[in-house]
Chemist: 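I'd like to ask some things about the structure below.
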2 protein chains.
Amino acid sequence: MQSIANINIFISFTEILTQMKKQGETTIHDIARKLNIAASTVSRALNNNPIISEPTRKLIEKTAKEMGYRPNTLAASFRTKRTNMIGVVLPLINRHFFSSVISGIEEVAYSSGFAVTISQTNDNFEKEEKIIQTLFSNRVDGLIVSIGMQTQTFNHLKLFSDKKIPLVFFDRVVEEIDADKIVVDDYRGGFIATEHLIEHGATKIAHIGGPLNVKIYKDRLSGYKDAMNKAGLPIDENMLIHNSLTREDGTNAIKKLLLNEEKPDAIFCANDTTALSVIIYLREHGIKVPDNISIVGFSNEPFSELVTPSISTIRQPGFEMGKKAAELLINHIKQKEQHTSSQTIVMPTELIVRESSGRD
Amino acid sequence: MQSIANINIFISFTEILTQMKKQGETTIHDIARKLNIAASTVSRALNNNPIISEPTRKLIEKTAKEMGYRPNTLAASFRTKRTNMIGVVLPLINRHFFSSVISGIEEVAYSSGFAVTISQTNDNFEKEEKIIQTLFSNRVDGLIVSIGMQTQTFNHLKLFSDKKIPLVFFDRVVEEIDADKIVVDDYRGGFIATEHLIEHGATKIAHIGGPLNVKIYKDRLSGYKDAMNKAGLPIDENMLIHNSLTREDGTNAIKKLLLNEEKPDAIFCANDTTALSVIIYLREHGIKVPDNISIVGFSNEPFSELVTPSISTIRQPGFEMGKKAAELLINHIKQKEQHTSSQTIVMPTELIVRESSGRD
DNA sequence: TTGTACGCGTTATCAA
DNA sequence: TTGATAACGCGTACAA
């Protein structure tokens, strides 16, 4: 009887001590002290190190749970130099394509025990630099990046590639840096979009494209040009406009195109956002789509099938790209030693024909 | 001449040592050694501690830059127990409302020197639990949360509130937990939406709502009921449907409503997604919106103004909510001592009338 | 104004 | 199989 009472007193006393000292955070040392074993044993048990005997492991796990132990990832990361965290940096999360990519990344990452931290640059170079610096300082294990439209220098990204921290680009990639890349076949996307317009009888096809320092827009333009050439159609410089592809840019672009001597009878837009603003502008000015002007966009944003007329576009498999990017990155993280030569994965693009280019 | 050579040799020697030892990561100790000063001085200088004299600070900053020093945030966070990181947990980033909130949070956070880590739960309770555990283990300084539809227990969130780690809810809040909350006036939103339908002559108004364990959906329903009562209209239980408000749920809901003896002449949908699927379903079945059935949605997703007919809806100021949430959270983080009693901020809702409810 | 010495919680190395 | 101890990089009393 008495000894039991003593034990109880002892237990509550240590508990009070623990609470006083740590402000509520139990550490492996607290567990070790309570069980009269070494902290290293606790650490090993909690990390499922097979060297620990089954009974001790059970006991430690039980005690840890009772004491409300929560591992301090910060301390562990500090010690091991591995954070189990991967950074995702992209221009804008509020785009269906990008958030699909994120979902793909997350699916793979979570099932592999990695956390994901997402940041958006808003296509602002300074913000992109700062975010990537922060991510580096936070010692993410790897980075998945789609660069901004303004980005023309890459020192902030070389920080990662130089230090051999795994880096994977997707969509808007940096050609100058040796790293894995996941892209869609933008060239072919541009080609089939333009060819489709030609097949529907268009001859004066304009192109609203993005900045040419970004590879995807260069490729989409090349596809457009080759399709035009193949059909023997001339390429009129007045029919080519390059901007940042915002809603406003689209409106300005169509205004400008309509001022041309020769008006376009079709437009291949490098994204759905500009396709949308073009359609809205034309609708407001009584120009019929697709009867007077046919339109094809790019990316298959959800709104493209909802607007009237619905927008013909090029599908990009965002979710799959995200999954692939995460798989590649995590592979690299896990087998850091053998730096396998970097690869570029090209995913297929697909034309979706809707009303804006004359689906019957 | 000779001494200069010596210096050069000395410099490159230490550099080789550094590289050999650290695999390329310069620490404050390396800087200290190079300058023959104490590491603590370097630390203080780099943290702009005013106690350091101007010349030493300049010198240290210059040397740090030359040596390519990058602070190890992990070590600093571990030491100070502050990560300068705030976690954002929400159901789905791919919703305009949510990504607007994120942008608002980011704007405030970045300008206050906080990084933001975003995670989506996909309305999956297990994922939400795991994410929040991870965020806790990673010792984020604070958390901004909008809970999932399935979430009915809150131990994972109490983890934060119990330990007095700043916590702010937005939109889908937890009433049972004492924390700051940012919501819109969902009750009034439901009320004005319904009243608007009544004013346009509807008398048999259905409601497609979310799960009632989530306060916002309860409030929107209350608003609906009170508007009906005020107009002396009966509330028919067959006109009330509750589900998870996905696109598919919306289709199922309208199917069910059309099976009723008494068909609705208007529907107040608790989000735009269900409003959209209802409209598409009705269009496909030759039922005219708004002539036969008027529709009002909720949230003002971008597609709601693009679809034909465009969707009348309730605007929620997502960006402002995000800013406010971040401000509140960061305030709490900075003055952790005085636990000011928690407040609930209610932002206004606004009706946007479009074609689906008979705008002329 | 600067230096000394210590500790944060964990993992890794070595010894028992 | 377990224990003792050092180390990770930084910030901070305290001393000088």
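Here is the naming used below: chain letters follow the sequence lines, and residue numbers restart at 1 for every chain.
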Chemist: Given the ring of B:F136, does B:R139 sit roughly above its face, with NZ or CZ under 6.0 Å from the centre of the six-membered ring and within 45° of the axis?
Modeler: yes
Chemist: Rounded off to whole Å, could you give me the CZ-to-C1' distance for the B:R33 and C:dG3 pair?
Modeler: 16 Å
Chemist: Which pairs, with at least one residue in residues 33-91 of chain B and sequence neighbours excluded, count as a ring pair (Phe, Tyr, Trp, His ring centres under 6.0 Å)?
Modeler: A:F78-B:F78
Chemist: Is the count of non-hydrogen atoms from other residues, nucleotides or ligands lying under 6.0 Å from A:K323 atom NZ greater than 12?
Modeler: no
Chemist: Listed in order of residue number, which residues of residues 57-64 of chain B have a non-hydrogen atom at under 4.0 Å from DNA chain D?
Modeler: none
Chemist: Expressed as a whole number of angstroms, how long is the span from A:E54:CD to D:dT2:C1'?
Modeler: 16 Å
Chemist: Determine the contact category for A:I52: base if any of its heavy atoms lies under 4.0 Å from a base atom, sugar-phosphate if only primed atoms, P, OP1 or OP2 are that close, otherwise nothing.
Modeler: sugar-phosphate
Chemist: Measure across A:A39 and A:I28 and return the closest heavy-atom pair with its distance rounded to 0.1 Å.
Modeler: O-CD1, 3.9 Å
Chemist: I need the CG-P distance between B:D30 and D:dG9, as an integer number of Å.
Modeler: 9 Å
Chemist: Using a distance-only test with no angle check, is there a side-chain donor-acceptor pair under 3.5 angstrom linking A:S40 and A:S43?
Modeler: no
Chemist: In whole angstrom, give the distance that lies between atom CG of B:N36 and atom P of C:dT2.
Modeler: 14 Å
Chemist: Could you tell me whether the side-chain ring of A:F78 sits stacked on the base of D:dC8, using a centroid cut-off under 5.5 Å and a plane angle under 30°?
Modeler: yes
Chemist: I need the minimum non-hydrogen distance between A:P166 and A:H332, along with the two atoms involved.
Modeler: CB-CB, 3.8 Å
Chemist: Measuring from the side chain of B:I37 (C-beta onward, heavy atoms only), which nucleotide among D:dG3, D:dT2, C:dG3 has the closest atom?
Modeler: C:dG3
Chemist: CG of A:L74 versus P of D:dC8: gap in Å, rounded?
Modeler: 18 Å
Chemist: C:dT10 P sits how many Å from A:L46 CG, rounded?
Modeler: 9 Å
Chemist: Decide yes or no on salt bridge (charged side-chain N to carboxylate O under 4.0 Å, His left out) for B:E25 and A:K163, but give the supporting numbers first.
Modeler: CA-CA 9 Å; B:E25 273 321 306; A:K163 298 207 189 287; 3.4 Å; yes
Chemist: Report the distance from atom CZ of A:R82 to atom C1' of C:dA12, rounded to the nearest whole Å.
Modeler: 15 Å
Chemist: What is the separation between atom CZ on A:F136 and atom P on D:dG9, rounded to the nearest whole Å?
Modeler: 12 Å
Chemist: When you measure from the centre of the six-membered ring of B:Y110, is the NZ or CZ of A:K127 closer than 6.0 Å and no more than 45° off the axis?
Modeler: yes
Chemist: Using atom types as modelled and distance alone, determine if a side-chain donor or acceptor of B:S99 lies under 3.5 Å from a backbone N or O of A:I93.
Modeler: no
Chemist: At 4.0 Å (heavy atoms only), tell me whether B:T56 reaches a base, stays on the sugar-phosphate, or touches nothing.
Modeler: sugar-phosphate
Chemist: For every nucleotide of nucleotides 10-16 of chain D, 5' to 3': is a protein heavy atom under 4.0 Å from its base (B), only from its sugar-phosphate (S), or from neither (-)?
Modeler: BBBB---
